Peer 1: 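Next up is a structure, given as structure tokens.
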Amino acid sequence: MRTERIEGLVDDRPGEKIFRVHRDVFADPELFELEMKHVFGKTWCFLGAESQVSKPHEYITSWIGRTPVLVTRDAKGVLGAFLNICPHKGTQLAHAEHGVSKYHVCAYHGWGFDSSGRNVDIKDLEKGLYPKSFDAYSHDLIPIAKVASYCGLVFGSLSDEVPPLEEYLGDIRPFIDMAMKQSPKGMEVIPGRVRYTYRANWKMQMDNAMDAYHLTSVHASYMDVMTKRSRGEGLADDRSYDWKKRLTQLGGMFDFPHGHSLIWNNQAEVQKRPVYATIDEVKARLGPLQADWMLKSKIAMIFPNFQIADATTLNLRTFRPISVGLTEMRVHCIAPIGEEIGARRHRLRQFEDFFSASGFATPDDIACFESVQRGYAAEPYDYLQGYFRGFDSVEKGANDMAAELGIRPLHSQVGDFELTTEATMHAPYREWVRLMRDGVARNGGAK
Ligand code: FES
Ligand SMILES: [Fe+2]
């Protein structure tokens, strides 16, 4: 594949306010293979939360693209991240998403590894008459190139060439802080998760979380239910927000280098936000500006496949590419460590209401993703028009709100809720093009 083809897939002409993405970006299996190598192989990817691996020998399994990864704390508490495969024949080693284990034993021929990744047993080694040449090779688990944490979130990379994690995250970090510093004791992943697959490309979720334009059409039934609840019909506790009030609020976006972006909205009913119960403590600890921003609804897109949604409730959303038209979602609800039981219950009910696999959002979103993926098969169709909305009010650099926060976004935007900008999706595709073009150029056009 040639770099010209890659560049042609995203028609990005900011001077003319044109931004279009070719349908092949979502549907071409050859591009998918290149993404695994040049995007997922060359960035930092979210692996899990430190609270999930807080004790010696505790582990989680995760993925970087299609590469299985084992994140485990050893006996001394040191965190390591390894390819979750056995070096003997490549079998996936650990299968549970989370557990505590001093040893991991391969299901195929029984090789054993400790929680530091060291090989501790090769079954029937003596009788196996291995040649001396076998000793020249390490039989330990293979560490991934980089692992690092930011604010309780663990990221890993298959590449040595990525910038340091803090530099990669850049000025999206204050928004990670706003999610992860909602409590003086830190935040934890609530045990359990929502996991499902959808039959569409991974970038459908990348776009959709940053796309508030779809809310009033795809989630019309949710809004109807909200209206009924606000009239006292059905379940009328304070898990639901009044959408009519929400539509009157200001919103906007920022975007950053390395493909990250953030969409935010003021909230009319701040008292329903899970953080509201402890907002005085937050104000005292972090100041009124941080507290004010914690009450806003926000979704942070951390390229390539991780989102922190603090909208109807606070959750971590990871979307894993399986094939060009199949993606797995994992959604973890997070909460303050030691949260009061009533507040925890309220948080979980809000989470289930909208974001769980059977909640008001997920099935309707998935139906659209799969419908869109079918649409990509239309041969005479080329560029999508879903990236123009809001272009006219995008400002270069920092606006007043960014300046107040002390961040330096590449672009800023502020407007009515109904602006529902699509400019939030530009930064991820710019980074996608940069990585794909550089990767293809490096490989001389070969895969
Ligand atoms: S593949 Fe793991 S022991 Fe053989
Ligand atoms: Fe949705």
Side-chain angles (χ1 to χ4, degrees), residues 61 68 70 82-95 101 103-114 117-128 130 134 137-142 194 196 198-226 240-241 243 246-247 251 263 265 297-301 307-313 315 317 319 327 329 331 350-373 386 389 417-418 420-422 424-425:
T61 57
L70 172 67
F82 306 90
L83 300 186
N84 185 18
I85 59 162
C86 173
H88 182 224
K89 303 266 278 198
T91 309
Q92 185 181 333
L93 184 62
H95 290 266
S101 186
Y103 301 105
H104 296 277
V105 177
C106 180
Y108 201 178
H109 310 91
W111 284 22
F113 307 87
D114 70 14
R118 203 166 54 91
N119 182 302
V120 291
D121 189 40
I122 291 176
K123 188 179 66 173
D124 300 335
L125 182 67
E126 302 308 326
K127 291 185 183 155
Y130 280 90
F134 182 65
Y137 298 96
S138 165
H139 315 307
D140 297 341
L141 297 184
I142 302 159
V194 168
Y196 54 89
Y198 64 80
R199 286 168 297 180
N201 189 258
W202 62 276
K203 294 183 291 304
M204 284 303 307
Q205 174 63 31
M206 183 171 93
D207 281 16
N208 186 68
M210 309 312 285
D211 167 1
Y213 189 35
H214 80 277
L215 293 176
T216 47
S217 41
V218 173
H219 303 303
S221 60
Y222 173 68
M223 307 216 176
D224 285 349
V225 171
M226 296 305 107
S240 52
Y241 293 90
W243 277 89
R246 202 163 174 176
L247 293 175
I263 185 169
N265 280 100
S297 128
K298 298 172 296 302
I299 299 178
M301 167 66 216
Q307 291 159 342
I308 303 176
D310 190 359
T312 52
T313 189
N315 55 92
R317 299 163 73 73
F319 36 108
T327 305
M329 278 294 292
V331 189
Q350 279 193 335
F351 175 61
E352 293 158 359
D353 207 39
F354 195 69
F355 281 114
S356 78
S358 56
F360 280 109
T362 306
D364 291 340
D365 281 327
I366 289 178
C368 283
F369 293 0
E370 297 188 352
S371 173
V372 165
Q373 196 75 23
R389 194 173 171 87
F417 183 91
E418 280 161 320
T420 54
T421 183
E422 290 170 342
T424 38
M425 300 171 226

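Numbering of ligands and ligand atoms starts at 1, following listing order. Along the sequence shown, the residues carry numbers beginning at 1. Keep in mind that what you see is a predicted model, and the values were worked out from it rather than measured.
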Peer 1: Please list all pairs passing the salt bridge (charged side-chain N to carboxylate O under 4.0 Å, His left out) test where one or both residues lie in residues 199-216, with sequence neighbours left out.
Peer 2: E35-K203, R199-E370
Peer 1: Mind checking salt bridge (Lys or Arg N to Asp or Glu O under 4.0 Å) for D114 and listing every partner two or more places apart, or none if nothing turns up?
Peer 2: R118
Peer 1: Check atom 4 (Fe) of ligand 1 and write out every protein N, O or S atom at under 2.8 Å, as residue and atom.
Peer 2: H88 ND1, H109 ND1
Peer 1: Taking atom CD of E422 and atom CE of M210, what is their separation to the nearest 0.5 Å?
Peer 2: 12.5 Å
Peer 1: Is it true that atom OH of Y213 has more than 12 heavy atoms of other residues, nucleotides or ligands lying nearer than 6.0 Å?
Peer 2: no
Peer 1: Using a cut-off of 6.0 Å, state whether more than 12 heavy atoms not belonging to Y108 lie near its atom OH.
Peer 2: no
Peer 1: Among protein atoms, how many N/O/S atoms lie less than 2.8 Å from the Fe ion (ligand 2)?
Peer 2: 4
Peer 1: Identify the heavy atoms of F360 and H219 that sit nearest to each other, and give their distance.
Peer 2: O-ND1, 3.8 Å
Peer 1: Inspect the surroundings of CZ in F134 and state if more than 12 heavy atoms from other residues, nucleotides or ligands are less than 6.0 Å away.
Peer 2: yes
Peer 1: So, do V372 and M204 sit near enough that their side-chain heavy atoms are less than 4.5 Å apart?
Peer 2: yes
Peer 1: Assess whether side-chain hydrogen bond (donor to acceptor under 3.5 Å, both in side chains) is satisfied between D365 and H214, documenting all intermediate values.
Peer 2: CA-CA 9 Å; D365 281 327; H214 80 277; 3.1 Å; yes
